[in-house]
Trainee: 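Dropping the structure in here first, questions after.
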2 protein chains.
Amino acid sequence: MTLADHAAPAPRPGRRADAERNRAAIIKAAGEVFAECGGGVDVREIARRSGVGMGTLYRHFPTKDALLVTVLERQFDAWLTDAYQWAVATEDPWRALTGFFEQLLDTQAGNRAVVESFATTGGPSDACVQRCYAIIDELRTRCVDAGVLRSGVTTEDLFLLSGSVSQAVLTTADSHPGKWRRLLRISLDGLSSRNTEPLPEPGVGTDARV
Amino acid sequence: MTLADHAAPAPRPGRRADAERNRAAIIKAAGEVFAECGGGVDVREIARRSGVGMGTLYRHFPTKDALLVTVLERQFDAWLTDAYQWAVATEDPWRALTGFFEQLLDTQAGNRAVVESFATTGGPSDACVQRCYAIIDELRTRCVDAGVLRSGVTTEDLFLLSGSVSQAVLTTADSHPGKWRRLLRISLDGLSSRNTEPLPEPGVGTDARV
DNA sequence: GATCAATCGGAGCGACTGCTCCGCCTGAAG
DNA sequence: CTTCAGGCGGAGCAGTCGCTCCGATTGATC
C-alpha cells in the first residue's frame with residue numbers, strides 16, 4: 001500500500017531497535033485488520049497478525065481505542081493529502097470539488113473502520129475532521145467564486161454529504177462495487193448552481209434565505 | 001434464514017392471558033430500548049424494562065435477533081404504510097416521491113436500531129426491503145411518466161440514497177436536528193430531470209471524474 | 001377448592017474481550 | 001563477556017452478554 005510512505009512516524013529517541021520494529025509492525029497489522037473487520041475486532045487478532053504479544057501491544061498503545069485512532073488518523077490523513085493535492089492541481093473548480101470527493105470516497109471504499117468512524121464519532125479524529133473541513137471550505141470557496149455552486153451550501157453540508165455517501169460505499173462494497181458513484185453523482189449534481197431553490201433552514205423558518 | 005424463522009406469529013389461540021400480556025410488554029419495551037440504544041443493548045435491559053424475567057423473554061422469542069427483527073419489522077412497516085398512504089394521496093408525482101422520503105426519514109430520525117439495520121443488513125428485514133422497493137418503484141414510475149425524473153435513475157438508486165441519508169439523520173440527531181433535510185433536498189434535486197448528464201454505470205471503469 | 005400444565009423469574013453457565021501481571025529475554029553500554 | 005533496564009509474551013483476571021435450567025407460581029378447567 002502506497003499510503004504508508006506518506007507520513008513517517010516520529011521515532012522516539014532512546015527506544016530500543018526491536019521496540020521500534022514492533023511498533024511499526026503493530027501499526028501496519030492494525031491498519032489492515034481494522035480496515036477488513038472494523039473497529040470491533042479482537043485485539044488478539046491484531047497482536048497475532050503483527051507477530052507480537054499482548055503485553056508488547058499494550059506498552060505501545062495504552063488502549064485499544066488509542067491504537068484505533070492512531071491508525072485511522074494516519075490512513076485518512078494520507079488519503080486527504082492525496083485528494084487535496086489532486087484537487088489544487090485541477091483548474092476547473094467544479095471538477096476539483098467533485099473529483100476530491102470521488103477520490104476520497106474511493107480510497108475509503110474498502111476500509112470498514114474509517115467509514116464506521118464517521119457514523120459513530122463523526123470522523124477518524126477531531127484533527128482529521130478539522131483538516132477535512134478546511135480543505136472542503138477552500139474548494140467550496142473556489143466554486144462559489146466561480147458561481148458554479150448552489151447558493152446557501154455550507155461546508156458542513158458538504159462534509160455531511162461525504163459522510164453519508166461513505167456509508168453507501170461500505171454497504172454496497174460486496175454486492176455492487178462502484179454503485180456508490182451513481183449516488184455521489186446524483187448528490188453532487190444537486191449541489192450545482194442550476195438548482196436555484198433555497199435549501200431548508202434547520203431552524204424553524206419556512207422562508208427562503210439565499 | 002427465511003423470514004418465517006424470525007417473524008413471530010400473531011396472537012396464537014390457546015395461549016394464557018398473562019403470556020399474551022407479557023408478550024405485548026416485551027415487544028413494546030424492546031421497541032423503545034432498541035430505538036434509544038441500538039441493537040447492541042443488553043437483553044437484560046429489555047427484560048427489566050418490560051417487567052419480565054429472562055426465561056419469559058426467551059420463551060416468546062428464540063433469540064435476541066428474532067426479537068430485534070420482529071420489532072424492527074413492525075415499526076418500519078407502520079412508517080412505510082403511513083408514508084405510502086400520504087404519497088398516493090398526493091397528486092404531484094415529484095412531491096409524492098420527495099415527500100415520501102422526507103416523511104420516512106423523519107420517523108426514522110430517532111430510531112437507532114432501524115438506521116443501523118440499513119448499514120449492517122441492508123434493511124430491517126427482507127420483506128420490509130421488498131415492500132419498500134415496490135413502493136419506491138411505483139412512485140418512481142409516476143415521476144418517469146410525468147417526465148420529472150432524471151433518466152437512468154433506478155429504484156435501487158433511490159433506495160440506497162434513502163439509506164445513506166438515514167445515516168446522516170442519526171449522526172446529526174443530537175447536535176443538529178433537522179440538518180439532514182438539507183442533505184436530502186440536495187440529493188433529491190440531483191434526481192431532477194433538469195440534470196441531463198448520464199449517471200455512471202457501475203461495472204465500467206472509473207472515467208466518471210470528467 | 002383442587003389439579004396441573006403452562007408460564008414465570010433470575011441465578012448461573014459458557015463464550016468473548018479489553019486489559020494486566022509477571023517471569024523470561026535481549027539489545028546495548030561498559 | 002558481563003550486566004541489567006527496558007522490552008517481551010501470553011496466561012489469566014474481570015466484566016459483559018447471549019442464552020439455559022429448573023424450582024416456584026399461576027391461570028384455566030372441572
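Every chain is numbered from 1, with letters handed out A, B, ... down the list of sequences.
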Trainee: Please check if the distance between the ring centroids of A:Tyr133 and A:Phe159 is under 6.0 Å.
Mentor: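 Distance test on ring centres: under 6.0 Å, yes.
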Trainee: Strictly by modelled atom types, are B:Gln167 and A:Ser164 linked by a side-chain donor-acceptor pair under 3.5 Å?
Mentor: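 A:Ser164 and B:Gln167 do not have a side-chain donor-acceptor pair below 3.5 Å.
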Trainee: Please state how far atom CD1 in A:Ile26 lies from atom C1' in D:dG7, giving the value in whole angstrom units.
Mentor: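 Rounded to whole Å, this separation is 11 Å.
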Trainee: Spell out yes or no: do the side chain of B:Arg44 and the base of D:dG15 have one donor N/O and one acceptor N/O closer than 3.5 Å?
Mentor: no
Trainee: Name the atoms and distances for all side-chain donor-acceptor pairs under 3.5 Å in residues 39-48 of chain B, with sequence neighbours left out.
Mentor:
unit_1, atom_1, unit_2, atom_2, d
B:Asp42, OD1, B:Arg44, N, 2.9
B:Asp42, OD1, B:Arg44, NE, 3.4
B:Asp42, OD2, B:Arg44, NE, 3.4
B:Glu45, OE1, B:Arg48, NH1, 2.6
B:Glu45, OE2, B:Arg49, NE, 3.3

Trainee: Applying ring-ring contact (aromatic ring centres under 6.0 Å, His included), name anything that partners B:Phe34, two or more places apart in sequence or on another chain.
Mentor: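 Partners of B:Phe34 under the ring-ring contact (aromatic ring centres under 6.0 Å, His included) test: none.
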Trainee: Here's a test of your reading of the structure: between A:Gly55 and B:Val43, which maps to the more 5' nucleotide of DNA chain D?
Mentor: A:Gly55
Trainee: Identify, between B:Lys64 and B:Asp18, the residue whose nearest nucleotide on DNA chain D lies closer to the 5' end.
Mentor: B:Lys64
Trainee: For A:Arg23 and D:dG7, what is the distance between atoms CZ and P respectively, to the nearest whole Å?
Mentor: 12 Å
Trainee: Angle between ring planes, A:Phe76 versus A:Phe118, binned at 30° and 60°: parallel, tilted or perpendicular?
Mentor: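 The arrangement is perpendicular - the two ring planes meet at more than 60°.
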Trainee: Report the distance from atom CG of B:Leu57 to atom P of D:dC17, rounded to the nearest whole Å.
Mentor: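 B:Leu57 atom CG is separated from D:dC17 atom P by 15 Å.
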Trainee: For DNA chain C, note the earliest and the latest nucleotide, 5' to 3', having some atom under 4.0 Å of a heavy atom belonging to chain B.
Mentor: C:dA6 to C:dG12
Trainee: What about A:Arg59: does its side chain form a donor-acceptor pair under 3.5 Å with the base of D:dG7?
Mentor: no
Trainee: Say whether, by atom type as modelled, one donor and one acceptor occur between the side chain of A:Asp189 and the main chain of B:Asp189 under 3.5 angstrom.
Mentor: no
Trainee: For B:Leu188, is there any backbone N or O sitting under 3.5 Å from a side-chain donor or acceptor partner on B:Ser192?
Mentor: no
Trainee: Between A:Asn22 and D:dG7, does any side-chain N or O lie under 4.0 Å from OP1 or OP2?
Mentor: no
Trainee: What is the distance, to the nearest angstrom, from the CZ atom on B:Arg16 to the P atom on D:dT29?
Mentor: 11 Å
Trainee: Using whole Å, what does the distance between atom P of nucleotide D:dC8 and atom CZ of A:Arg48 come to?
Mentor: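 These atoms are roughly 19 Å apart.
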Trainee: Can you figure out which of D:dC17, D:dG12, D:dA11 approaches the side chain of B:Asp42 most closely?
Mentor: D:dC17
Trainee: Would you kindly give the CG-to-P distance between B:Leu68 and D:dG18, to the nearest whole Å?
Mentor: 11 Å
